[in-house]
Amino acid sequence: MTGSTITYGGERISFSVVENPKISGKVRIHVYPYGSVKVETPLNTPGEEIFAAMRKRVRWVSKQLQLQREGRLHALPREYRSGETHFYLGRRYVLKALQQDACPSAVKLKGGQLQVTTKNNTVGEIKKTLTRWYRLRADDYFKKRLREISANLGWVDSPPGLKLRVMRTQWGSCSPAGLICINPRLIRAPRDCIDYVLLHELCHLRQHNHSKRFYNLLDKNLPNWRHVKSRLDGMAELLLVE
Ligand SMILES: [Zn+2]
């Protein structure tokens, strides 16, 4: 395996070259996660042919690398500054930090903006105000949906108790005593994903494990839950970050 670099729009793109006896004719270009670029060639492909192929696709390669960088940037810890992206019920909002002397801190959704008004407009104040708002919205929304979903489930007599708990890798849990814990950060997810997590925990009220019977129950009440779960899994990194 050898390697080389090519320049595009002021960006130096490194790539490795691998000969593959199984391919014939065309050079293949792959962009892998974390910015690695690999060029697969038939045996004995001349260097200038490899460069010509890279030059032809370099715009596309550069775009892939840019998209990857942006995707990773979204999962970085938030800075709580104007212009940053925040999520609520699956929608993307742009944070707008506003300063006002006399009023108590407030959060308002307006158009595509998440407006956070604080007295001193410091990062600490904005973060605290926003976290508290998310928690209140989560408590309210999850309780409402637990009531509504429970009403259709034969094994739930009355909606179970709800506790909010920040977890780093989990959306929810259900205690043997029947108390449901939900991660307040789930309020950032789309509504169908929230419903799936709530239903999952409600099924645990009947089946306290992940047995076949548990999944049968889930299948019966939400036939497409696997699809919804995989969507939520795909967003998890983005939604769980503080
Ligand atoms: Zn479970």
Side-chain angles (χ1 to χ4, degrees), residues 33-34 68 71-78 80 84-93 107 109 114 127-128 130-242:
Y34 300 101
Q68 276 190 6
R72 259 185 288 152
L73 279 177
H74 285 143
L76 286 176
R78 303 198 196 283
Y80 296 88
E84 195 172 52
T85 295
H86 286 257
F87 293 88
Y88 176 65
L89 290 176
R91 272 195 66 189
R92 215 177 253 275
Y93 291 89
V107 178
L109 292 173
L114 187 53
K127 183 177 174 180
K128 201 173 133 199
L130 199 51
T131 306
R132 196 172 47 211
W133 179 80
Y134 269 126
R135 225 184 148 85
L136 285 170
R137 300 307 311 141
D139 191 63
D140 201 51
Y141 187 75
F142 298 162
K143 276 183 183 152
K144 173 176 159 268
R145 287 307 291 156
L146 274 176
R147 263 198 319 272
E148 289 166 351
I149 299 168
S150 297
N152 300 316
L153 306 176
W155 68 91
V156 187
D157 296 330
S158 60
L162 170 76
K163 207 178 151 197
L164 296 177
R165 183 189 290 158
V166 173
M167 295 171 266
R168 278 186 52 214
T169 56
Q170 230 182 316
W171 292 121
S173 66
C174 181
S175 78
L179 179 72
I180 288 182
C181 266
I182 302 290
N183 195 330
R185 289 176 187 165
L186 184 65
I187 196 67
R188 298 165 175 176
R191 291 168 198 266
D192 60 337
C193 297
I194 297 175
D195 281 359
Y196 154 70
V197 173
L198 297 180
L199 180 68
H200 179 114
E201 301 310 335
L202 286 165
C203 287
H204 277 316
L205 291 177
R206 187 154 182 200
Q207 298 292 335
H208 288 276
N209 47 41
H210 291 128
S211 61
K212 197 161 177 347
R213 276 199 217 145
F214 169 82
Y215 288 112
N216 285 343
L217 200 58
L218 203 50
D219 280 334
K220 219 179 107 195
N221 288 282
L222 188 66
N224 74 335
W225 70 267
R226 284 178 186 80
H227 172 74
V228 180
K229 181 184 184 299
S230 83
R231 266 182 76 212
L232 181 60
D233 288 346
M235 289 181 273
E237 210 186 336
L238 201 58
L239 300 177
L240 282 165
V241 71
E242 200 180 334

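The structure displayed is predicted, hence computed values, not measured ones. Whatever order the structure lists them in is the order used to number ligands and atoms, beginning at 1.
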| field | Listed protein N/O/S atoms, distance to the Zn ion (ligand 1) under 2.8 Å | value | H200 NE2, H204 NE2, H210 NE2
| task | Kindly state each residue pair satisfying ring-ring contact (aromatic ring centres under 6.0 Å, His included) with at least one member in residues 132-167, sequence neighbours excluded. | result | Y88-W133
| Mind checking whether R165 and I182 have side chains closer than 4.5 Å, heavy atoms only? | no
| said: ring-ring contact (aromatic ring centres under 6.0 Å, His included), that's the test. Do F214 and H208 meet it? Break it down for me. | reply: CA-CA 8 Å; F214 169 82; H208 288 276; 10.0 Å; no
| remark: Nearest heavy-atom contact between R135 and P184 is NH1-CG, 3.9 Å
| said: Below 30° counts as parallel, above 60° as perpendicular, anything between as tilted: where do the rings of W225 and Y196 land? | reply: parallel
| request: Sort out for me which residue in N152, N221, I149, L218 forms a side-chain contact (heavy atoms from CB on, under 4.5 Å) with L202. | output: I149
